[in-house]
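If you scroll down you'll find the structure; I have some questions about it.
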Amino acid sequence: MEYKITVHEAFTKYSDMVYRLAFARVKNKYDADDILQDVFVRFMKSKQPIINEEHAKALLIRITINCTKSMFSSSWFKKTQPLDAYISTEMPERDTLEAVLRLPVKYRTAVHLHYYCGYSIDEIAVILSVKPSTVKSQLHRARAKLKNYLEGVDF
Amino acid sequence: MFEKNYRNAMDNIKADDTVKNRILDKITAYEEKSNNKNAAVPWRIGFAVAACAAIVLSIIFVPKGKPTAEISANTLSAADSYSEIFKIISKHKKSDEEVFIEDFVEYEYEYESFNDADGVTNDISKGNTSSQNKTEDSNREYSDTTTQVEGVSEADIVKTDGNYIYALNLSKSSIYILKADGINSSIIKTISLDSENYCSYRDMYLSDNKLVVIQELWNIEDDLYSSIIIYDVSIPEETKETAVCRQKGTLNSTRMIGKYVYMITNCYVNANKIEKDEPETYVPTTICKDEEIAVSADSIYRYGDNVDSPEYTVICAYDIDDGTLTSSCNLLGGTDQIYCSTQNIITANAVYDHDIPEESSKFIEANTTVSRISISNGDIKYIATGTVTGTLENQFYIDEYKGNFRFVTTADEAVKSTVSFANTKRDVISYTNNSYACLTILDGDMNELSFISNLAEGERVYSVRFMGDIAYFVTFRQTDPLFSADLSDPKNPKIIGELKIPGFSEYLYPYGEGLLLGFGRDADERSGASRDLKLSMFNTTDPANVTEQDVTVVDGYRESPALYNHKAMLVSPKKNLIGFEVIQYGEKSNYLVYEYTDNKFIQKANLSVDSKDNYYDRCRGMFINDFFYLTCDEYLQVYSLSDFTLCLTVNF
């Protein structure tokens, strides 16, 4: 049995997933555009066999996180988040996204993988190569901070 | 509700079709090329058939099975030989399945530190002792980088000696050296930094004759080094590079005391790529004068035969006068936060691996391992290791005073339960939502002298300031209690005061006699939701009875780099100046300057900051004599200090 996915197929299926995670981490369109390309170039060059769809996704997430990491060496870290390019100011959910983007990057990442990608704490721990308790603590602290930013929101 | 809102908002984030098509074109071109060479796409799995689904599950849910780090006082010992270290590291060798998913991954270095805390900008008026070559005025009064401990310098992107301003400009990969001469200020020298290689520049130190630039660099094998690049600036116009020293690992922090720079890095080892006969594959290395050397076995300290993760904390001292490595000390295990006094470095590392207690009993989720390393004139010696309950957020949660070490921490209570998960029983640890603050005092051997717990139940610590015998700290959930603690008897510390006000301070700065400045956010008293930035001035004349003398809310601004980095804040009680950058999302930044007069905050200036590139936290304000200098990515501006009229703009 073998699992086949061409880079083309992977791009069609997962480019939005990669882009959103990249955006959640770097907070701006321009870097997210660059990273999207970077991720798939690295994915292409990777000699890793892919076991199944879940593995392909996990691998892409790892590559995305690695590609965005260099952005945080402060020199590349830009402060703008031109949300206006995507979301109108009237949209009620915009506050929520703004609040998440105000979190420190490791908290944002955990929140995104948990609440958007739907990964469990243990799965996130494997994907990020950290201890489950670290993920737990990041989510906990993220929620504590989000409660400060957002009034009366349930988690 | 949060989840739904976040998903809805995120669904709108998409790459433009033009971007997607451009990338697809590249992919197509690449695929065609590699198809011609060798039909390598798609990938094939070379594994046994039946294992497929099961492998992934076992990758994801395999218990880590790591040894528990039980750490009590005085437990680290130096290694006798490399082979001893090799044994410890090779325990972290990953099985093929684990490697499978991790593939070319670099590990998660959490080197991003959000320093939200307190310090004070050093006011300096000194008779300058440096070389005669400089045309300088020795009686200049100027502001220096906001630091935590007097006598210990911290690096920043802009430095001045009162005569010259050195600005590290990351968008242009250059250092600009400017003569600081009020309306006649000008660039006298530009140093172009290497932007070809994979490197990034962090910040700088300035001593009498030397400028030290801190850099991170990747080599071809993707190893990461942190470096100091030393320049001779005795004649600023003729600045030249004199030495480069590197040590392996991602940058954690640096400090400078006198002519010694101490650099702390976290160095991760890939246990699958180690070779017994090549120590440099599993111990940290340093590079001075282009020679790469593995650190000696006896400079490596470890606890027993196990380590939590195959990682070192590398601490090196460099003499910047002759550009040499003077000594190094390597602890097996990682480090989160660094505190540095004039005598000691304290490394603090949160430890989450516990022997989990019985079902449904409550326990503290993480504790912090702290190690004391003595530093004197470039000589680094490991002294002792201890542990404190709970975790700490930044360097300001730690303090050395009269030979003892004090810590304020937040303890998170957790509870264990067992759930069924993918056909296996798993232990799940969840928070009880009950956190509280703790105060711990350790002696010089890291043995506990005293411990107070269960302070501010249900709240977290937001900022801490130790001032001699008294400690002040702010906790927050809905209101902002400012606690004061009397630590004059280290064996018997006492909480002596508690003031409750809305909002919270992320910073506490001493502001002259009997005053403490808080910088943070305002909050709604009922919901605890945080709002705009605020400045609070506390009267601490009577530590047992602290009052809030004045508060001012910065209307319309919620964000400031100074909420996370104390060096982004200018605090000068002597000159009566408080300065920081504020940001409105999607809009321009401003730099605000306040003074505190007659028990009131008065806004002195609201300077607009233009920056095309909009890099985060690149803006610094400083004063030299009668002028105020504002640097950002694009330019340096000179303002008159008396009325903040713009005198001059020097473009970079």
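Predicted model, so just to flag it, every value in this text is computed and none were measured. Order of the sequence lines sets the chain letters (A, B, ...), proteins ahead of strands, with each chain counted from 1.
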key: ring-ring contact (aromatic ring centres under 6.0 Å, His included) partners for A:Tyr119, two or more places apart   =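 Partners of A:Tyr119 by the ring-ring contact (aromatic ring centres under 6.0 Å, His included) criterion come out as none, since no residue qualifies.
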
ask   = Looking at A:Arg20, A:His114, A:Glu9, which has the largest count of heavy-atom pairs under 4.5 Å with chain B?
value =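 Ranked by heavy-atom pairs under 4.5 Å with chain B, first place is A:Arg20.
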
key: Distance (rounded to the nearest 0.5 Å) between A:Met17 CE and B:Met10 CE   =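 Between atom CE of A:Met17 and atom CE of B:Met10 there are 13.0 Å.
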
ask   = Contact part of B:Asn169 toward chain A, heavy-atom cut-off under 4.5 Å: side chain, backbone, both or neither?
value =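 Interface part for B:Asn169: neither.
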
ask   = Is a side-chain donor-acceptor pair under 3.5 Å present for A:Tyr115 with B:Asn5?
value =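 Side chains of B:Asn5 and A:Tyr115: no pair found under 3.5 Å.
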
ask   = Once you round to the nearest 0.5 Å, how far does CG of B:Leu24 lie from OG1 of A:Thr12?
value =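 Interatomic distance, B:Leu24 CG to A:Thr12 OG1, rounded to 0.5 Å: 6.0 Å.
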
message = Quick check for you: to the nearest 0.5 Å, what is the distance between A:Leu97 atom CG and B:Ile13 atom CD1?
response =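 So the gap between those two atoms works out to 5.5 Å.
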
request  = Starting from the C-alpha separation in whole Å, work towards a yes-or-no answer on side-chain contact (heavy atoms from CB on, under 4.5 Å) for B:Ile27 and A:Phe43.
outcome  = CA-CA 10 Å; B:Ile27 291 172; A:Phe43 186 68; over 6 Å; no

inquiry  = For the NZ atom on B:Lys172, are there more than 12 heavy atoms of other groups (residues, nucleotides or ligands in this structure) within a distance under 6.0 Å?
reply    =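 It does: B:Lys172 NZ has more than 12 such atoms within range.
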
query = Which atoms of A:Phe40 come close to chain B, meaning under 4.5 Å heavy atom to heavy atom: side chain ones, backbone ones, both, or neither?
reply =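 Just the side chain, heavy atoms under 4.5 Å.
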
inquiry  = Can you tell me how far apart OH (A:Tyr19) and NZ (B:Lys20) are? Round to the nearest 0.5 Å.
reply    =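 Output value for this atom pair is 9.5 Å.
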
query = Say you draw a straight line from CG of A:Asp38 to CD1 of B:Ile23; how long is it, rounded to the nearest 0.5 Å?
reply =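 Going from the CG atom of A:Asp38 to the CD1 atom of B:Ile23 covers 9.0 Å.
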
Approximate separation, where rounding is to 0.5 Å, of B:Phe2 CZ and A:Leu146 CG =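 The CG atom of A:Leu146 is 5.0 Å from CZ of B:Phe2, to the nearest 0.5 Å.
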
key: Minimum heavy-atom distance B:Asp16-A:Lys29, with the two atoms named   =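 It is OD2-NZ, 2.7 Å.
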
request  = Measure distances from A:Ala24 to the heavy atoms of chain B and classify the residue's part below 4.5 Å as side chain, backbone, both or neither.
outcome  =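 When you check distances to chain B, atoms from both the backbone and side chain of A:Ala24 fall under 4.5 Å.
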
